[in-house]
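Below is one structure, written out as structure tokens, with a few remarks after it.
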Protein chains: 2
Amino acid sequence: MLSFTEENYLKTLLKLTMDERGKEEAGTNELALHLGVKPATVNDMLKKLKQKKLIQYEKYGKIALTKTGRKAGLEVLRKHRLWETFLYEKLEFSWDEVHQVAEQLEHIQSQKLVDKLDKFLDYPEFDPHGDEIPNAKGEFKYRHKVTLSQMEAGKSCKMVAVKDNSAPFLQYVIEVGLGINNHMKVLSIHPYDEIIQIEVNGKVSSVSKKFADNIFVICEDCMKNKPCKFHCK
Amino acid sequence: MLSFTEENYLKTLLKLTMDERGKEEAGTNELALHLGVKPATVNDMLKKLKQKKLIQYEKYGKIALTKTGRKAGLEVLRKHRLWETFLYEKLEFSWDEVHQVAEQLEHIQSQKLVDKLDKFLDYPEFDPHGDEIPNAKGEFKYRHKVTLSQMEAGKSCKMVAVKDNSAPFLQYVIEVGLGINNHMKVLSIHPYDEIIQIEVNGKVSSVSKKFADNIFVICEDCMKNKPCKFHCK
DNA sequence: TATATAAGTTAGACTAATCTAACAAATTTT
DNA sequence: AAAATTTGTTAGATTAGTCTAACTTATATA
């Protein structure tokens, strides 16, 4: 049985090694930053996780999940996203409120609870932020998503997820008129400060690169199954 | 903010001082027994809870909740029972499975979650075991319930709750054909070993005093609002 | 009332998860 | 390649919650 804390380490490690960057490994500082603890603390835990055969790790080297570790991480992520979906769909929580509560709910230990919740929600594939929900086997739909900042001017795309789950960011997303599955067109990207002009439902907004880095989209050609390297920078 | 452990102490203290016995105080050993820890451990925690003004307590004396402590305990109990109701009504959990999972869920910190869950369940007044669910203000319906072992022969009654929430006991209850809101008649109580004969839906069963001690009922006369002391031993 | 038993307390130790401060290794820059 | 910077490690301390073993106080009983 894994502790609350161990679960968080595995989940974070999984997120760091599964997102768009294609990285397979993570570092001590990076992990510390995401977990909100000091690198020294992470170092102690790495020894424990290694000893439990949940990670591969050598002194001064990079950290990678083992098969067992990955499975455990996927289970936590699955629970997190199912709970987010529950809160959003059944309990009228708003987009920006679900994450904080799901951080707690994801650690409830009961296989039956997860399975029944999944069924109750009718086996959802994506959570309210557009993230893939692993199924009972740990599998999930792969979608070639890129950040809005990677799009080229003139292309259209569909927002599918956000990278930042913090309330202030999500509130800003709503302000701009965006949301999961909303379509938009990239009108221009300024060469000097990378300010991006987008059009959503006929309304034109200007957003920063920082903002665009946190919005995941699928470009129009990808949706039509054309190879992606040609239209995403 | 209270810790997981502190919440458990307050909840247990509340349960020990609110049930049918009319006691207002508890002891160190008693608390240790119910929490599954050693008396020494309880003693340490009592100092902490006293310092936080959640209990009234003097060395070698009895333990009582303060107003603040009682309120906190009621909140945990409310969450526990709401979650039990959710698991039973919405996720198809059986009677004997809900308690263990609710022990974990009761510690989730989110006022909004509790309120929304309460609403989602349509403000239930009793949980699947028949226990009263405190409302948002900490109030709950009072019912004059007695144990089945307190009934007199010849009287009829309605089962409203169980005292023991363990799976083996609850499975036994089902075996006998009993359940919440089932009516039964006490046919006889044997003077030697207190074996009780009851009739449920025309079926006659014999149960031990130990069993009957864990079944809460409301007697027929009480249901008709006649004073209780005349018909319950 | 003297004594036996039950109930409660204390001291000292352990574990998990964290910290700070100092140190070591690896990487990047000039 | 030397210096500077970043990244990672170690040692020692802290806190919460738990334990055991020995002790003290209160209560019940002969």
Side-chain angles (χ1 to χ4, degrees), chain A residues 1-13 15-17 21 23-65 69 72-73 76 103-104 106-109, chain B residues 1-13 15-17 21 23-65 69 72-73 76 103-104 106-109:
Chain A
M1 178 111 320
L2 299 174
S3 73
F4 190 102
T5 312
E6 288 166 337
E7 285 196 341
N8 275 335
Y9 276 79
L10 295 177
K11 179 191 66 172
T12 305
L13 223 25
K15 282 202 290 188
L16 290 175
T17 56
R21 291 168 302 167
K23 277 202 324 170
E24 295 278 298
E25 299 175 315
T28 307
N29 282 357
E30 188 186 10
L31 201 45
L33 190 71
H34 280 84
L35 285 161
V37 298
K38 301 293 167 187
T41 308
V42 170
N43 196 267
D44 285 344
M45 182 58 85
L46 292 182
K47 289 174 187 158
K48 199 189 195 183
L49 294 176
K50 186 189 173 178
Q51 201 239 305
K52 287 193 171 190
K53 300 195 172 164
L54 295 162
I55 59 169
Q56 287 180 304
Y57 177 61
E58 294 309 326
K59 228 178 170 182
Y60 295 107
K62 288 290 170 190
I63 312 154
L65 287 166
V76 180
E103 283 288 302
Q104 300 177 61
E106 72 190 6
H107 301 291
I108 304 293
Q109 302 290 329
Chain B
M1 176 114 319
L2 299 174
S3 72
F4 190 102
T5 312
E6 288 167 337
E7 286 196 342
N8 276 335
Y9 276 80
L10 295 177
K11 179 191 67 172
T12 305
L13 223 26
K15 282 203 290 187
L16 290 175
T17 56
R21 292 168 303 167
K23 277 204 322 173
E24 295 278 299
E25 299 174 316
T28 307
N29 282 357
E30 189 185 12
L31 200 44
L33 191 70
H34 281 84
L35 285 162
V37 297
K38 302 291 167 186
T41 307
V42 170
N43 195 267
D44 285 344
M45 182 57 85
L46 292 182
K47 289 174 188 158
K48 198 189 195 182
L49 293 176
K50 186 188 174 179
Q51 200 240 305
K52 287 194 170 189
K53 301 197 171 164
L54 295 163
I55 58 170
Q56 287 180 306
Y57 177 61
E58 294 307 327
K59 227 177 168 182
Y60 296 106
K62 289 289 169 191
I63 312 155
L65 287 167
V76 180
E103 283 288 302
Q104 300 177 60
E106 72 190 8
H107 301 290
I108 303 293
Q109 302 291 329

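A, B, ... follow the sequence lines: proteins, then strands. Residue 1 opens every chain. All figures in this text were calculated on a predicted structure; none of them were measured in a lab.
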Should B:Tyr9 be listed as having a side-chain N or O under 4.0 Å from OP1 or OP2 of D:dT18? yes
B:Leu46 CG to C:dA7 C1', in whole Å, measures 13 Å
Taken to the nearest whole Å, CG/A:Leu2 to P/C:dA16 is 13 Å
Output the rounded distance in Å from CD1 (A:Ile55) to P (D:dG8). 12 Å
In whole angstrom, what separates A:Asn29's CG from D:dT7's C1'? 5 Å
Quick one: NE2 on B:His107 to CG on B:Asn8, what's the gap to the nearest 0.5 Å? 3.5 Å
For the pair B:Lys11 and B:Glu103, find out whether any cationic side-chain nitrogen is under 4.0 Å from an anionic carboxylate oxygen. yes
From the list B:Val37, B:Leu54, B:Leu2, side chain to side chain contact (heavy atoms under 4.5 Å, CB included) with B:Tyr9 holds only for B:Val37
Comparing nearest nucleotides in DNA chain C, the 5'-proximal residue of the pair A:Lys59, A:Glu6 is A:Glu6
Just the rounded figure in Å: distance from C1' of D:dG8 to NZ of A:Lys50. 15 Å
Length of the line joining A:Lys62:NZ and C:dA26:C1', which is rounded to integer Å: 10 Å
In sequence, state the C-alpha distance, the side-chain angles, and the governing distance for B:His34 and B:Lys15, and then conclude on side-chain contact (heavy atoms from CB on, under 4.5 Å). CA-CA 10 Å; B:His34 281 84; B:Lys15 282 203 290 187; over 6 Å; no
Within residues 37-44 of chain B: residues closer than 4.0 Å to DNA chain D (heavy atoms): B:Val37, B:Lys38, B:Ala40, B:Thr41, B:Asp44
Could you give the distance from CD1 (A:Ile63) to CD (A:Glu25), rounded to the nearest 0.5 Å? 9.0 Å
OP1 or OP2 of D:dA16 less than 4.0 angstrom from a side-chain nitrogen or oxygen of B:Thr5, does that happen here? no
Those residues that, when tested against B:Lys47, pass side-chain contact (heavy atoms from CB on, under 4.5 Å) (two or more places apart): B:Asn43, B:Asp44
CD of A:Gln109 to CZ of A:Phe4, rounded to nearest 0.5 Å, is 10.5 Å
Give A:Phe4 one of three labels, base, sugar-phosphate or nothing, depending on what nucleic acid heavy atoms sit under 4.0 Å from its own. nothing
If you only use heavy atoms from C-beta on, which nucleotide in D:dT10, D:dG8, C:dG8 is closest to the side chain of A:Lys47? D:dT10
Figure out the CG/P separation between A:Leu31 and C:dT18, and round it to whole Å. 11 Å
Check the distance between C:dT9's C1' and B:Ile63's CD1 and give it to me in whole angstrom. 13 Å
